[in-house]
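First up is the structure itself, then whatever we jot down about it.
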There are 2 protein chains.
Amino acid sequence: MQGGSGSVTIHEVAEKAGVSIKTVSRVINHEANVRADTKERVLAVIAELNYRPNPSARHLAGTHGYNIALLYDNPSPSYLIDLQSGALESCHAEGFHLILQPCGFHDQNLEATINNLIVESRVPGLILSPPLSDAAGLIEKLEQWGVLHARIAPIDVARPGPYVAVDDRGAAFELIGHLIEQGHRRIGIIKGHPDHGAGHWRYEGYLTAMRQHGLPIDEDLIVQGYFSFESGLEAGRKLLSLSDRPTAIFAANDDMAAGVLHIAHDMGIDVPGQLSVAGFDDTPLSRHVWPSLTTVRQPVQEMARQATMQLIDRIRKRGLSESGPSAMYCSLVIRDSTGAAPNL
Amino acid sequence: MQGGSGSVTIHEVAEKAGVSIKTVSRVINHEANVRADTKERVLAVIAELNYRPNPSARHLAGTHGYNIALLYDNPSPSYLIDLQSGALESCHAEGFHLILQPCGFHDQNLEATINNLIVESRVPGLILSPPLSDAAGLIEKLEQWGVLHARIAPIDVARPGPYVAVDDRGAAFELIGHLIEQGHRRIGIIKGHPDHGAGHWRYEGYLTAMRQHGLPIDEDLIVQGYFSFESGLEAGRKLLSLSDRPTAIFAANDDMAAGVLHIAHDMGIDVPGQLSVAGFDDTPLSRHVWPSLTTVRQPVQEMARQATMQLIDRIRKRGLSESGPSAMYCSLVIRDSTGAAPNL
DNA sequence: ATGAAAGCGCTAACAA
DNA sequence: TTGTTAGCGCTTTCAT
């Protein structure tokens, strides 16, 4: 192992291995047409010299760059970290770099910002996380500009191009079923941010579960939220102020569920004695509040890992098989922290 | 605004502006010796063509690259996001890219990992966040390798090289004073992770405050923590099980304070009626738990911003003024969410 | 104050 | 299967 200055170049490797630089190039790019023993010799020298191809030189001479960008619109820190970890993992494994690009879904300059990113950083592809996975205008521009992308948890799954999603609808369905089994009849729901697909499906899962169990859908028990703690606080206040208030509340994510818990405490309502609260995402927060929330573990990191792999694949295969929309699904797990049903 | 493919090059700019490429180069590098009107003409063409210098070409031809790395060892998500936002801000402003490098402080291969990063990504400099800001072995290697660095909140401020810190000691001192003014006499403390400087100073602030107010230091009230929720849970259990238990607990960060709150609820201890809990960092969590924590706002983002600027400065000034250790301080603010003193 | 030429380390197209 | 050559877009050094 040796340090930073005076990097080893392909020429030194070629000379020491007694081959031309082109042969070294073939080896590091896993091309065919290199005899096994030649290849081995070159690899040995590479290891000995701790040689790494210079990414800038490769980019300059080659067809594509080794940066990809992760676009995100300010979700919760823990969601974002999971997203990044997953994307980083794949990037690292494939020799790519990850560029972080915060951006506003409703920002007037969204497309200009991204264009800027593309022109400046020469990224051959982007990863779109919710809600940007459904920024239709942006996606059209990307296609027009010839920039690849992979989407995480999009609403519009019909659109061509790779995406990775989870069965939010099914998980919400099971979660509500779980609450009903515990004896709940009046179950309130706080819907997610309307920009996010996840919100829609979790709501649909709720509706289906209620219907299948023959329970009435009471409009008073359905409140719009925006995935933030504050919106959970407000929606919770609304639900818990009802004369015939719910015995359980399902918030479409943990942050809002934490808001419900907070306001319940403020209002002197005993949890879990008089109220059950369920969230979604299995964030650290869901375990840190008291009492801990029942929630659903969402494999965000895994989704990001897979979306990134798909994107890198496309970048490498450019021009070859324009392999239509390819979808991946990851599975969800309910985590019930109470175990016991509340006293009704 | 136009798209990705077929990038504009310096040649096209030069031709359209009626100058040589060297003049364009001078303009984009803010070099002297360009007549004002020439410069203006070139800038106009650059804007018109939406030209951006190709980073890879610059790196290949120039003296240094435009990537810098942020090293972190798995702090809390919100801390990490703040760190990143600050670093990104400076990078963006200065035309650099940020490379994320998670790493383990106690990892046997830490130095090898970083060497790898340096060889592979050609980073001219690194930002070290706690506890890596005090990885003495690593820092020595960096100097040996000729790789620059800037540290965030280090313990050892004597070491040469730029760093950014806050007055943790003073803030803890004030916070404890605040609790004492509210009438608390038995104040427990949960110390921070021993690897982190912040933990030491917050503890010192506690000791100084207690002494200055003539209160005894009771060893039973001092418990080691590790900055995690779980360690707060355990330390809280220990403190609250004392026969003469404290009326206030100061945890060296919010995650641990949330643990204390959680265990207090579990034990049926009324907060804030029978116990006050204070944390440190002003994370979202501190507002989401119930009741909200008294805490100290730490300008993590601002620290990262400044450390990054310092690093970029050094990279640009390489070889010139080897300008010794330069320190920066950011200030802290107490946020008291209760306002009222608990009933003692 | 401006320009011409060389070359950074690599890949691509074409030879051999 | 292997090597040769020409550039990618820029900065550098050295002229003018």
Side-chain angles (χ1 to χ4, degrees), chain A residues 4-42 45-46 49-66 95 119-122 124 315-316 318-319, chain B residues 4-43 45-46 49-67 95 119-122 124 315-316 318-319:
Chain A
S5 63
S7 292
V8 182
T9 76
I10 199 173
H11 289 99
E12 300 168 51
V13 175
E15 184 175 12
K16 192 146 192 172
V19 296
S20 79
I21 60 165
K22 180 63 220 187
T23 299
V24 178
S25 174
R26 285 197 173 98
V27 171
I28 61 185
N29 288 299
H30 310 103
E31 282 176 34
N33 294 336
V34 181
R35 256 179 25 223
D37 61 322
T38 312
K39 182 170 177 176
E40 213 164 318
R41 192 150 33 94
V42 171
V45 175
I46 287 177
L49 264 40
N50 193 25
Y51 165 75
R52 304 306 153 83
N54 182 323
S56 296
R58 289 181 110 171
H59 184 188
L60 194 55
T63 47
H64 68 255
Y66 291 84
V119 173
E120 244 165 34
S121 306
R122 324 276 155 149
I315 290 171
R316 294 207 165 117
R318 266 226 114 110
Chain B
S5 63
S7 292
V8 182
T9 75
I10 199 172
H11 291 100
E12 301 168 52
V13 176
E15 184 176 12
K16 193 147 194 171
V19 297
S20 78
I21 59 165
K22 179 62 221 185
T23 300
V24 178
S25 174
R26 284 194 175 99
V27 170
I28 61 186
N29 289 297
H30 310 101
E31 283 176 34
N33 294 336
V34 181
R35 253 177 29 218
D37 61 322
T38 312
K39 183 171 177 176
E40 214 164 318
R41 192 151 32 94
V42 170
L43 286 174
V45 175
I46 287 176
L49 264 40
N50 194 25
Y51 163 77
R52 304 305 153 82
N54 182 321
S56 296
R58 288 182 111 171
H59 184 187
L60 193 55
T63 47
H64 68 255
Y66 291 83
N67 288 333
V119 173
E120 242 165 36
S121 307
R122 324 274 156 152
I315 291 171
R316 294 208 165 118
R318 266 228 114 110

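All values below were derived from every heavy atom in this structure, side-chain atoms included, with hydrogens, water molecules and symmetry-related copies excluded. Chain letters run A, B, ... following the sequence lines, proteins first, then strands; residues in each count from 1.
- Listed here is the closest heavy atom pair of A/Ala14 and A/Ser20: CB-C, 3.7 Å.
- To the nearest 0.5 Å, atoms CD1 (A/Ile46) and NZ (A/Lys39) are separated by 10.5 Å.
- Scanning for salt bridge (Lys or Arg N to Asp or Glu O under 4.0 Å) contacts around A/Glu31 gives A/Arg26, with sequence neighbours left out.
- From B/Glu120, atom CD reaches atom CZ of A/Arg52 across 5.0 Å, with rounding to the nearest 0.5 Å.
- Sparse packing is recorded around NZ of A/Lys16, with 12 or fewer heavy atoms of other residues, nucleotides or ligands lying under 6.0 Å away.
- The two atoms that bring B/Tyr51 and B/Ile28 nearest to each other are OH-CD1, 3.9 Å, heavy atoms only.
- Within a heavy-atom distance below 4.0 Å of DNA chain D, the residues of residues 13-21 of chain A found are A/Val19, A/Ser20.
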List every contact pair, protein side and nucleotides 13-16 of chain C side both N or O, where the distance is under 3.5 Å.
none

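- Using a 4.5 Å heavy-atom cutoff, the side chains of A/Val24 and A/Val19 are in contact.
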Name the pairs: protein N/O against N/O of nucleotides 7-9 of chain D, kept only if under 3.5 Å.
{"from": "D/dC8", "atom 1": "O2", "to": "A/Leu60", "atom 2": "O", "distance (Å)": "3.4"}
{"from": "D/dC8", "atom 1": "O2", "to": "A/Ala61", "atom 2": "N", "distance (Å)": "3.2"}
{"from": "D/dG9", "atom 1": "N2", "to": "B/Ala57", "atom 2": "O", "distance (Å)": "3.4"}

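- One distance of note links CG of B/Leu49 with OG1 of B/Thr9; it measures 9.0 Å at 0.5 Å rounding.
- Summary of helix geometry: the two end axes of the helix from C/dA1-D/dT16 to C/dA16-D/dT1, each defined by five base pairs via their C1' atoms, are inclined to each other by 30° (rounded to 10°).
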Could you walk me through whether B/Asn50 and B/Val8 pass the side-chain contact (heavy atoms from CB on, under 4.5 Å) check? CA-CA 8 Å; B/Asn50 194 25; B/Val8 182; 5.8 Å; no
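- Residue B/Thr23 places none of its side-chain N or O atoms closer than 4.0 Å to OP1 or OP2 of C/dT2.
- To the nearest angstrom, P of C/dG9 lies 17 Å from OH of A/Tyr66.
- Heavy atoms only, all atoms of each residue included: A/Glu12 and A/Ser7 are closest at OE2-O, 3.8 Å.
- The OG atom of B/Ser25 sits 5.0 Å away from the CD1 atom of B/Ile10 when rounded to the nearest 0.5 Å.
- Residues from residues 29-42 of chain A lying near DNA chain C, meaning a heavy-atom separation below 4.0 Å, are A/Asn29 in numerical order.
- B/Ser56 has its side chain out of reach of B/His59: every pair of non-hydrogen atoms, C-beta onward, lies at least 4.5 Å apart.
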Going through the checks in order, is the side-chain contact (heavy atoms from CB on, under 4.5 Å) test met by A/Arg41 and A/Val27? CA-CA 10 Å; A/Arg41 192 150 33 94; A/Val27 171; over 6 Å; no
